[in-house]
There are 2 protein chains.
Amino acid sequence: MKPTVHDIARSAGVSLATVDRVLNARPGVREGTRVRVEEAIAALGYVRDVAAANLAKSRVYPFVFILPVNENPFMLGLRREVEAAIGRSSTERTRIEVIDVPALESTALVAALDKVAGGDAAGVAFVAVDAPDVRDAAARVAAAGIPMVTLVSDLGQSLRDHYAGIDNIAAGRTAATLMGRFLGQRQGRIVPLAGSLMVRDHRERLDGFSEVMAQNFSHLTLLPAVEGRDDPALVERLIGETLRQHPDICGIYSLGAGNRGLLPVLEQRPLSPAPVVILHELTEASSAALVNGTIDAVLNQDAGHEVRSAIRVLKAKADGLPVIAAQERIRIDIFLKDNLP
Amino acid sequence: MKPTVHDIARSAGVSLATVDRVLNARPGVREGTRVRVEEAIAALGYVRDVAAANLAKSRVYPFVFILPVNENPFMLGLRREVEAAIGRSSTERTRIEVIDVPALESTALVAALDKVAGGDAAGVAFVAVDAPDVRDAAARVAAAGIPMVTLVSDLGQSLRDHYAGIDNIAAGRTAATLMGRFLGQRQGRIVPLAGSLMVRDHRERLDGFSEVMAQNFSHLTLLPAVEGRDDPALVERLIGETLRQHPDICGIYSLGAGNRGLLPVLEQRPLSPAPVVILHELTEASSAALVNGTIDAVLNQDAGHEVRSAIRVLKAKADGLPVIAAQERIRIDIFLKDNLP
DNA sequence: AAAAATCTGATTTACGTACCTCAGCTTTTT
DNA sequence: AAAAAGCTGAGGTACGTAAATCAGATTTTT
């Protein structure tokens, strides 16, 4: 039978009230008594019944999600998943507030973080912009004792409690290996298509990609990254130009959210021989392109997993509980036309 | 504010006891009253607070896991994950009993299922052997109203409530596409290495693999599967023979648990040119082989996810609650040397 | 040594649900 | 019309924890 507070009280020879004071770090317990109670807790292997405690406290976890306003499919999907989590609020005892901030911009994000730091949130999740002022704001949130996880894009270590996103360097390396292996003996140029290299996740993907390309596939030439700002029209123009300029392009790695600009170009003016194309983010469009052979592989991160993981981790941190690390690792999903969900 | 039983009682103009009778399908409520209460429940959007209910019931979920006795790394890992779940029993309100049965054999499994059908378990998870007598036993478990999920290897649809495992046909197809793409222009023979084609998951992987090979890579010749019974010594002998017999082997797909026999052969007598090797199951050995280049890709299913998912689903079924389908989909993990965990 | 401050114990209520008993009512059966 | 059966309400206790109040004990300060 699981020990309860009553067992501890009996075992330590104190009253329930004293056990409660020790457990919840309330004042009014002499040092010696506190030690006795703590020993009893350790000896009996007591663990608080979180469900009962939450019931007694009528606890809800007030969480804040700070999301960039961004109409690309991935961010829209992320937002949808946060909304789905809001829909589960009553059963999960959460109250989730969403703060919208302009994308790729730090001042609004800093303001939002400072609002959180001054508020009563039990935790905050945000898509980080990796800038010094954001790091400072994060430090203030941490100083306020509010658990904090970064979502999708990370912030230089140690400030946040957890990162709910993929390892983007590994993703870039994986894309490079797939690209190189799929190309086999073929020679030519590879063009990476990014949104903006100011964003940490894009930069890391490109770094990983470039590194493996240089190291293992030096017969292929890596062009400088095309920065399409995730803007379909701009991407379409830039990629069109690049393809005209370099007729020997044999590989395209779209590491951002520029697929809506890229896919039409590939479908309307197919190159021959077809280049190997590897994309990030599984959407209806990229899924269809996989099936019809326009593209060769899609790397993906599951926004639903990220949101659910962020909430689980925030809850655990708020309660001072450990997390199952393996469960919270966000994996890089690799999709070929054969293993689409 | 979330509505409670008190709100329903007030709204329906009945007492708490009657609400309780309706909610828990206890007798003693007139049809008309029952309808009134149900309407109030629907109108207020009441959902039972599972945590409070479990507290009141002092509920524990008695689950049974039926696991094959099998010393291969994947099954050992699966067992470890079940034990980890047992370690979390007190916080998760579960009581997990493990029943060991001989691998690949149905009579003991049938006996175990019948024991479950006659017992008081709130759910059962088992690694299915796809045989008629197992299906019959599963039907008896279902008839006893006990939620049931298959783990790792499935049983012909409709009998179980859920399957916590990967789509093995898709896994085979994925392996084939990777193999074909990695080989590029190379010609030669491909040898599949299975444990036993009597097991549904192995059979399905081979089916998916063969199909894509025939369809998209007809310049490659697929040899009949070597059945190594997941026995290292046997695998080593059979694979050695096959490689000697066919010097033009350019691809190996190990779809079972025969890696402990296969890897030593590849490492001690490297072929030249090196064949493309794709394995199932990420272990220390396969991970090391990926890093040193002996093999090219590993397909994996995460045993921890499968066990946790099985428990979540069993709990939900026991409580008559919906599951988040996307959360419970077990994904095929593809590992290259670049995205190892 | 008295007063004040601090510590501790006992007890109670609450959270939302389950489940039990008992009394009183209504309907059905004889 | 009386007896039996079925339905409903009222009220209680319980689950494990939180949190509050109050009284009594101990220590510290004056």
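Chain A is the first sequence line, chain B the second, and so forth, proteins listed ahead of strands; every chain is numbered from 1.
- Salt-bridge formation is detected for the pair E97(B)/K115(B): a Lys NZ or Arg NE/NH1/NH2 atom is positioned less than 4.0 Å from an Asp or Glu carboxylate oxygen.
- Distance R21(A) CZ to dA10(C) P: 11 Å, rounded to the nearest Å.
- Partner I311(A) forms a side-chain contact (heavy atoms from CB on, under 4.5 Å) with one of V149(A), I96(A), V82(A) and no other, that one being I96(A).
- Here dG16(D) presents its C1' atom at 13 Å from CG of N24(A), a figure rounded to the nearest Å.
- Taking atom CZ on R36(B) and atom C1' on dT8(D), their separation rounds to 11 Å, with Å as the unit.
- Heavy-atom distances under 4.0 Å link DNA chain D to A52(A), A53(A), A56(A), K57(A) of residues 51-59 of chain A, given in residue order.
- For the pair R331(A) and D167(A), the salt-bridge criterion is not met [side-chain N within less than 4.0 Å of a carboxylate O].
- Under the 3.5 Å distance criterion, with hydrogens and angles disregarded, no donor-acceptor pair is assigned to the side chains of S11(A) and D7(A).
- Distance CG (L23(B)) to C1' (dC19(C)): 13 Å, rounded to an integer number of Å.
- Between D154(A) and R160(A) there is a salt bridge, since at least one side-chain N of the basic residue sits less than 4.0 Å from a carboxylate O of the acidic one.
- Between R329(B) and D302(A) there is no salt bridge, since no side-chain nitrogen of the basic residue lies less than 4.0 Å from a carboxylate oxygen of the acidic one.
- The listed nucleotides are dT17(D), dA18(D), dT17(C); the one nearest the side chain of R48(B) is dT17(C).
- Closest contact between the side chain of R26(B) and the listed nucleotides dT21(D), dT17(C), dC19(C) involves dC19(C).
- For DNA chain C, the neighbouring residues in residues 4-19 of chain A, judged by any heavy atom under 4.0 Å, are G13(A), V14(A), S15(A), A17(A), T18(A).
- In this structure, R34(A) atom CZ and dT6(C) atom C1' are separated by 14 Å, rounded to whole Å.
- A salt bridge links D130(B) with R135(B): the distance from a Lys NZ or Arg NE/NH1/NH2 to an Asp or Glu carboxylate oxygen falls below 4.0 Å.
- If you measure from atom CG of D49(A) to atom P of dA18(D), you get 9 Å, rounded to the nearest angstrom.
- Within a 6.0 Å sphere centred on NZ of K2(A), other residues, nucleotides and ligands contribute more than 12 heavy atoms.
- I41(A) places its CD1 atom 14 Å from the C1' atom of dG16(D), with the value rounded to the nearest Å.
- The side chain of T33(B) contributes an N or O atom lying less than 4.0 Å from OP1 or OP2 of dT8(D).
- Rounded to a whole Å, the CG atom of D20(B) is 15 Å from the P atom of dA10(D).
- In this structure, K57(B) has no salt bridge (charged side-chain N to carboxylate O under 4.0 Å, His left out) partners at least two apart in sequence or on a different chain.
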